[in-house]
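Throughout, numbering of the chain's residues begins at 1 and tracks the sequence. Here the structure is a predicted model, which means the values were calculated and not measured.
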Amino acid sequence: MQYTAPHYYKKFRCTAGDCPDTCCAGWQIQIDPASMKKYRKIRGAFGNRLKNEIDWKEGCFRRYNGRCAFLNEDNLCDLYLEGGGEKAFCRTCRTYPRHIEEFEGLREISLSLSCPAAAKIILGSKEPVRFLHAENPELDEPCEKDYEDFDYFLFTKLMDARSLILQILQNRAYPLRLRAAAALALSHDLQERIDRNALFDADKLLERYSSPQMWRWFEERLEKLCSDEESFGQKSENAGQTLDKLFSLFNRMEVLQKEWTSHLAAARRALTEYTYHPFDKEVKNVFEEVFDDITGEQILVYFVFTYFCGAVYNGNAYGKMKFAAAGFILIRELVRAQWIQHAGRLDPKKMIMTAVRYCREIEHSDYNKVTMEQLLCNEEIFGLEDLFLLL
C-alpha cells in the first residue's frame, strides 16, 4: 500500500487534558465493521454497557446532549479506561485527528483541521506544504472500500489536476485571490471534460494552466471584473448577496454543536452591521494582518488535498474545488466577524478556534459535506465569477 501525507503530519501531539475542546462531543462517531464485530463478543458488565450504548443499526456510539456515551464527566473516555486502553478503540477513535482517504493502492493521510492541536500546526505553518510519499506494508489495515468499479484513468487525471492546483495555490509570487481564481477555473474546465467524457483532452488543459501566460490572463480578468468604476457598486452588492447565500447554506444542514447556531447568528450580525465591502483595499490590508494570504493558502491546500481526488467516486471535481473555496471564504468571514467583534484585534488562538468550529460542523457530518457540495453546484447562484468576487 502506498501512503501520502503532508510534511507536518508527524508533528502532531495530542494535548489531552490541556485541549480547549473534546473530540468526543459534537459529532457522530462511526464504528468500523471490525470493531463492531469485536464489541459484539465482549461479555460481562462492560459488554452489557457496549450493547446498550451502541446504535447497532447505524453503526455508531450513542450520544447524549451531543456527547459520546463513553465520555465521562471528567472528559475522559470510559471505553479506554474500562476496555483496556487504546486497543478498545474503534478505527475512528484510534486514528482521529488523522484523516484517511482511500483509493485503490493508495491511502492519503492528513491531520483534521477540526482538532485544535492539529489546526495550530496547519495554520501556524509558514512554509508551503510538502507531500511525502512512501510505501509501508507494516501500516496496512484491511481496506473497507470496494474498488471493483474504480475508474483508474479518471483518478490519474484528478491526481494530475490536483498536483497542478496545489502548485498554483502555493505560488506565492501572486496574490492568493489570483491563485484561488485560477484553481477554480481549472477545476471548472476539467469538469467540462469529465461531463463530456473527454478526459483524453485533460493533458492539454493542464498544459495550458501550466503556462506563464495563464497568470497574466487571470490578472486581466480579475482586474476587469473588480475595477470597472461604473459597475463597482453593483459588483460589491453582488458579492454581498453571494456571501449571504453561502451563509444560507447552513440553513440546509444539520447542527452538530449546540452553540453553533448562536455563534453563526452573531457572526452574520457583525458582518451585516459593519460597513464593509470586499473591494475596500484599506480595510482589506488591516484585516490581512490577522488573516493573511499564507493562512488562506494553508486552508485551501488542506481542503484540496483532503477532498479533491474523492471526485473519482462521484465525478464532481468542480464541486470538490468549490467546497474548498467555500470553506476558505466562510472561515475567513467568520474570522472577520470575530475581528469586528473585538474592535479590529484578534488573538491568533481565536482565529484557530474559529476554523476548528467550522470544520467540526461541516467535516464531522457526511450529510453536511454532501449537502454543501451539492448546493454549491447551483451555477446560477454560485457561478465561477460569483465566487471570484469573494476571493
Side-chain angles (χ1 to χ4, degrees), residues 158 161-162 165 168-169 176-196 209 218 221-222 224-226 228 231-254 264 267-268 271-272 276-279 296-297 299-304 306-311 313-337 355 358-359 361-363 365-391:
L158 289 170
R162 186 184 67 176
I165 287 172
I168 289 171
L169 289 175
L176 183 61
R177 65 188 305 268
L178 179 61
R179 294 180 256 161
L184 269 169
L186 192 164
S187 66
H188 172 274
D189 294 349
L190 177 64
Q191 190 63 49
E192 287 188 337
R193 285 152 179 79
I194 293 174
D195 293 342
R196 291 190 287 108
Y209 274 87
F218 274 101
R221 184 173 180 182
L222 289 185
K224 182 178 180 181
L225 182 66
C226 301
D228 185 351
S231 59
F232 185 86
Q234 182 63 48
K235 286 174 180 174
S236 180
E237 182 179 345
N238 290 345
Q241 291 174 351
T242 302
L243 183 59
D244 283 340
K245 290 168 183 174
L246 266 183
F247 271 100
S248 294
L249 293 178
F250 294 119
N251 298 336
R252 304 282 295 275
M253 299 179 197
E254 64 175 335
L264 199 58
R268 296 193 70 175
L271 292 169
T272 301
Y276 161 77
H277 59 71
F279 310 130
E297 172 192 312
I299 291 172
L300 279 165
V301 167
Y302 164 80
F303 280 121
V304 169
T306 305
Y307 295 110
F308 185 81
C309 286
Y313 299 116
N314 69 356
N316 190 11
Y318 187 34
K320 300 295 184 187
M321 188 64 225
K322 278 186 167 183
F323 180 85
F328 155 65
I329 293 166
L330 287 167
I331 290 173
R332 183 193 64 196
E333 295 309 308
L334 288 169
V335 170
R336 192 191 306 279
Y358 171 88
C359 289
E361 197 65 26
I362 301 303
E363 293 188 274
S365 165
D366 288 339
Y367 175 82
N368 285 351
K369 285 187 292 187
V370 171
T371 299
M372 174 172 273
E373 183 178 322
Q374 289 176 343
L375 293 175
L376 286 169
C377 288
N378 187 333
E379 279 291 287
E380 292 183 6
I381 300 176
F382 303 112
L384 198 57
E385 291 198 347
D386 295 308
L387 294 177
F388 282 176
L389 288 173
L390 292 179
L391 292 175

Query raised in the report: With distance as the sole test, does Asn238 use its side chain to make a donor-acceptor pair with the main-chain N or O of Asp386 at under 3.5 Å?
Result: no
Query raised in the report: How far does CG of Leu330 sit from CD of Glu361, to the nearest 0.5 angstrom?
Result: 12.5 Å
Query - Trace of the side chain to side chain contact (heavy atoms under 4.5 Å, CB included) decision for Tyr307 with Lys369 - result: CA-CA 10 Å; Tyr307 295 110; Lys369 285 187 292 187; 3.9 Å; yes
Query - Side chain to side chain, Met321 and Gln191, heavy atoms closer than 4.5 Å - result: no
Query raised in the report: What distance do Met253 atom CE and Ile362 atom CD1 have between them, rounded to the nearest 0.5 Å?
Result: 4.5 Å
Report task. Mind checking the CG-CG spacing from Leu169 to Leu178? Nearest 0.5 Å is all I need. Result -> 11.0 Å
Requested in this report: Could you check Tyr318 against Leu376 for side chain to side chain contact (heavy atoms under 4.5 Å, CB included), going step by step and ending with a plain yes or no?
Outcome: CA-CA 10 Å; Tyr318 187 34; Leu376 286 169; over 6 Å; no
Report summary line: When every non-hydrogen atom of Leu158 is compared with those of Ala317, the smallest separation belongs to CD2-CB, 3.8 Å
Requested in this report: Can you see which heavy atom on Lys320 is nearest to which on Ala311, and at what distance?
Outcome: CE-N, 3.7 Å
Query raised in the report: Is any side-chain heavy atom of Glu373 less than 4.5 Å from a side-chain heavy atom of Lys322?
Result: no
Report task. Locate the shortest heavy-atom distance separating Ala326 from Leu246; write the atom from each residue and the value. Result -> CB-CD2, 4.0 Å
Query raised in the report: So Leu391 and Arg179, side chain to side chain contact (heavy atoms under 4.5 Å, CB included) or not? Walk me through it.
Result: CA-CA 10 Å; Leu391 292 175; Arg179 294 180 256 161; over 6 Å; no
Requested in this report: Before giving the answer on side chain to side chain contact (heavy atoms under 4.5 Å, CB included), spell out for Phe247 and Leu334 the whole-Å C-alpha distance, their side-chain angles and the decisive distance to 0.1 Å.
Outcome: CA-CA 10 Å; Phe247 271 100; Leu334 288 169; 3.9 Å; yes
Query raised in the report: Is Leu384 close to Leu184 at the side-chain level, that is, under 4.5 Å between some pair of heavy atoms?
Result: yes
Query raised in the report: Are Ile165 and Tyr209 close enough that some pair of their side-chain heavy atoms sits under 4.5 Å apart?
Result: no
Query raised in the report: How long is the gap from CD1 on Ile331 to OH on Tyr358, to the nearest 0.5 Å?
Result: 6.0 Å
Requested in this report: State, with a plain yes or no, whether a side-chain heavy atom of Glu385 is found less than 4.5 Å away from one of Arg221.
Outcome: yes
Query - Minimum-distance pair of heavy atoms, taken over all atoms of Ala181 and Phe218 - result: O-CE2, 4.0 Å
Requested in this report: Any chance you could measure Leu387, atom CG, to Glu379, atom CD, to the nearest 0.5 Å?
Outcome: 8.0 Å
Query raised in the report: How close do Phe388 and Ala185 get, heavy atom to heavy atom, and via which atoms?
Result: CZ-CB, 4.4 Å
Query raised in the report: Should we count CG of Asn378 as having more than 12 external heavy atoms under 6.0 Å?
Result: yes
Query raised in the report: Sub-3.5 Å donor-acceptor pair from the side chain of Arg252 to the main-chain atoms of Ser248, do we have one?
Result: no
Query raised in the report: With side chains defined as the heavy atoms from C-beta onward, is the minimum distance between Phe323 and Thr306 less than 4.5 Å?
Result: no
Query raised in the report: Do Ile381 and Thr242 have side-chain heavy atoms sitting under 4.5 Å apart?
Result: no
Query raised in the report: Is there a side-chain contact between Glu363 and Phe303, using heavy atoms and a 4.5 Å cut-off?
Result: yes
Query raised in the report: Just how far is it from atom CZ of Arg336 to atom CD1 of Ile329, taken to the nearest 0.5 Å?
Result: 11.0 Å
Requested in this report: Identify the heavy atoms of Leu300 and Ala324 that sit nearest to each other, and give their distance.
Outcome: CD2-O, 3.7 Å
